[in-house]
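Below: one structure, written as structure tokens.
Whatever order the structure lists ligands and atoms in, that order sets their numbers, starting from 1. This chain uses plain numbering: 1 for the first residue, then up along the sequence.
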Amino acid sequence: MKVLVVGSGGREHALAWKIAQSPLVDKLYCAPGNAGTAALAGNVPFKADDLKDLLEFAGEKKIDLTVVGPEAPLCAGIVDLFEENGLRVFGPRRAAARIEGSKVFAKEIMAKYGIPTAQAGIFDRASDAVAYINEMGAPIVVKADGLAAGKGVIVAQTKNEAVAAVKLIMEKKEFGAAGEKVVIEECLAGEEASIIALTDGRSIVPLASAQDHKRIFDRDAGPNTGGMGAYSPAPVVTDRLMEQITVEILKPFVAGLRQEGIVYKGVLYAGVMVTKAGPKVLEFNARFGDPETQPILMRMKSDLVPIFEAVIDGKLDDRLIEWDRRAAVCVVLAAGGYPGKHETGAPVEGLERTDQLDDVVVFHAGTKFEGQGSRVKGRVVTAGGRVLGVTALGETIKFAIDKAYRAVGLISFKGMQYRRDIGKKALKYER
Ligand code: AMP
Ligand code: GLY
């Protein structure tokens, strides 16, 4: 069959890497992809939100399955569009993707169906939001309603900071229409985990647990990023806790959506805070996590393609998925300045040296071939904030960490920055 992966990050390279291993697949495309996906797939020059071009391409090439990585095309209705045109596609429809596209919508569903989450107020006027902040006090969390490329959440330590965040979102319109409403919520304390599940609208199968590292610097200092590294499994998520999350969060959420007339199919990603009072939802996403997908897919032994097909056909079954019991760790190498302004175009050195390592895969994110567009493939150069996700398997998290960092030591590019403490939080559970 012919498969198309939509997107260009580390997540999409990991998806393409896994899909390319399927004996069912004889042709793989990635739109637009990166220098890493180019080795596995035909990169085609359509951006993830060029829905019309993607539709035309998929129709022309008779693509049998399209897998959508990022949230923007899902929220824009790529699944509806492909389905209306008779194409098979993995992901939630537009109405379902609203669980990520509107934090207000997600919060309302959670409230209606009793799903544990931070206490919150929803506001469409800045003055009301400010009054609520004054009443509740700090620390407090301010969130723009809509998609804001991961930047719409401000964890404010003081009331002034929270008020400034409301002004930035609602008055300065930093995130445009995404900031017409805000959610202001209680600041939760605990350890975070990424619970990434598949659902066909009825059955729910959680994938292996993972933990992301959102802040740019070691010891969780500095601003939030898309994610600087991840590991799987996350030992904070015991089997018992995963069961509790499934019963208290995932099942009632999917059932609640169904009651609202929304059949949710695809990836359901719950960002969860494990608090003293139990697991609580920080956010829902309608897609795979990035970088969590890199270590998770390194651990998946089964063929991913029949799993996607089962979701589309409403036949999802947990017997379809088998895991490597080893741990996987992914260290993100980012461009200097990320998550702020950063340079691109720096040559990436040492990639060929990592090819010789067992159980290590270097997933590409913001990379391209120099002079892309010409027929000769040039050197690999940086082309984004997060550049590579160096991912390794090991008997334990400790071994996986050591192996990933040994591979990191072989790679360099101008301005390269990365965290030195990826996976460290998990070590307190290992002895
Ligand atoms: P979100 O995009 O909603 O997951 O928010 C991004 C990050 O902000 C989360 O991964 C948390 O680290 C943090 N965050 C979000 N909501 C809360 C909350 N209610 N309490 C504490 N931290 C939060
Ligand atoms: N790594 C966090 C996310 O994908 O949203």
Side-chain angles (χ1 to χ4, degrees), residues 7 9-12 14-15 69-72 74-75 97 99-107 110 116-122 133 136 138-157 161-162 165 169 175 178 182-196 207 209-216 220-232 234 267-277 279-297 330-332 334 339 363 365 385-386 389 419 422 425:
R11 165 182 56 209
E12 286 77 18
L15 286 165
E71 62 277 15
L74 293 170
C75 291
I99 61 143
E100 176 164 6
S102 168
K103 291 191 193 292
V104 168
F105 174 70
K107 217 66 199 177
M110 284 189 267
T117 183
Q119 229 190 54
I122 294 168
I133 290 166
M136 303 305 283
I140 195 159
V141 184
V142 179
K143 302 183 173 186
D145 175 38
L147 293 182
K151 298 191 182 115
V153 174
I154 294 118
V155 181
Q157 296 306 324
E161 233 181 284
I169 294 169
F175 310 114
V182 291
V183 174
I184 300 190
E185 66 181 33
E186 165 200 12
C187 189
L188 298 174
E191 206 171 319
E192 267 184 76
S194 302
I195 306 300
I196 299 177
L207 302 182
S209 63
Q211 193 174 69
D212 187 12
H213 297 63
K214 302 238 165 165
R215 305 296 187 105
I216 183 76
D220 295 333
N224 264 336
T225 69
M228 291 299 289
Y231 59 88
S232 171
V267 176
L268 177 62
Y269 164 154
V272 167
M273 187 73 91
V274 183
T275 74
K276 287 201 182 111
K280 294 191 180 185
V281 176
L282 296 172
E283 66 167 345
F284 279 112
N285 293 319
R287 50 166 176 87
F288 283 104
D290 190 355
E292 295 95 316
T293 300
Q294 289 84 310
I296 288 175
L297 291 186
C330 169
V331 179
V332 170
F363 292 111
R386 291 189 290 175
R419 280 180 59 160
I422 301 302
K425 258 187 217 164

Keeping the roles fixed (side chain from Ser209, backbone from Ala234), state whether a donor-acceptor pair exists under 3.5 Å.
yes
Check whether any side-chain N or O of Arg215 sits under 3.5 Å from a backbone N or O of Gly222 as a donor-acceptor pair, and report yes or no.
yes
Do any pairs count as a salt bridge (charged side-chain N to carboxylate O under 4.0 Å, His left out) and have a residue in residues 140-154, sequence neighbours left out, and if so which ones?
Lys143-Glu185
Among non-hydrogen protein atoms, atom 8 (O) of ligand 1 lies closest to Val153 CG1, 3.6 Å
Which protein residues have a heavy atom closer than 4.0 Å to any atom of ligand 2, listed by chain and number?
Asp212, Lys214, Gly226, Tyr269, Asn285, Arg287, Gly289, Asp290, Pro291, Glu292
Classify the contact between Lys214 and ligand 1 as side chain, backbone, both or neither, using a heavy-atom distance cut-off of under 4.0 Å.
side chain
All side-chain contact (heavy atoms from CB on, under 4.5 Å) counterparts of Ala144, not counting sequence neighbours:
Ile169, Phe175
Would you indicate which of Gln119, Lys143, Glu185, Glu283 comes nearest to atom 2 (O) of ligand 1 when only heavy atoms are counted?
Glu283
Out of the candidates Val141, Leu188, Val153, Thr117, only one should pair with Leu282 under the side-chain contact (heavy atoms from CB on, under 4.5 Å) rule; please name it.
Leu188
Give a yes or no answer on whether the side chain of Ser194 reaches the backbone of Gly271 with a donor-acceptor pair at less than 3.5 Å.
no
Could you check whether any heavy atom of Gly271 sits closer than 4.0 Å to an atom of ligand 1, since that is the contact criterion I want to use?
no
Partner set under side chain to side chain donor-acceptor pair (under 3.5 Å) for Glu186, not counting sequence neighbours:
none
Check whether any heavy atom of Lys280 sits under 4.0 Å from an atom of ligand 1.
no
Out of all atoms in ligand 1, which are within 4.0 Å of some heavy atom of Lys103? Include the element for each.
2 (O), 3 (O)
Does Arg287 come within less than 4.0 Å of Glu100, counting only side-chain N to carboxylate O?
yes
Can you tell me the protein heavy atom closest to atom 9 (C) of ligand 1 and the distance?
Glu192 OE1, 3.5 Å
Among Asn224, Thr275, Leu188, closest by any non-hydrogen atom to atom 7 (C) of ligand 1:
Asn224
Could you tell me whether a side-chain N or O of Gln211 sits under 3.5 Å from a main-chain N or O of Glu192, the two making a donor and an acceptor?
yes
Measure from atom 18 (C) of ligand 1 to every heavy atom in Val281, Leu282, Val155 and give the option owning the shortest one.
Leu282
For the residue pair Val142 and Ala162, what are the closest heavy atoms and their distance?
CG2-O, 3.8 Å
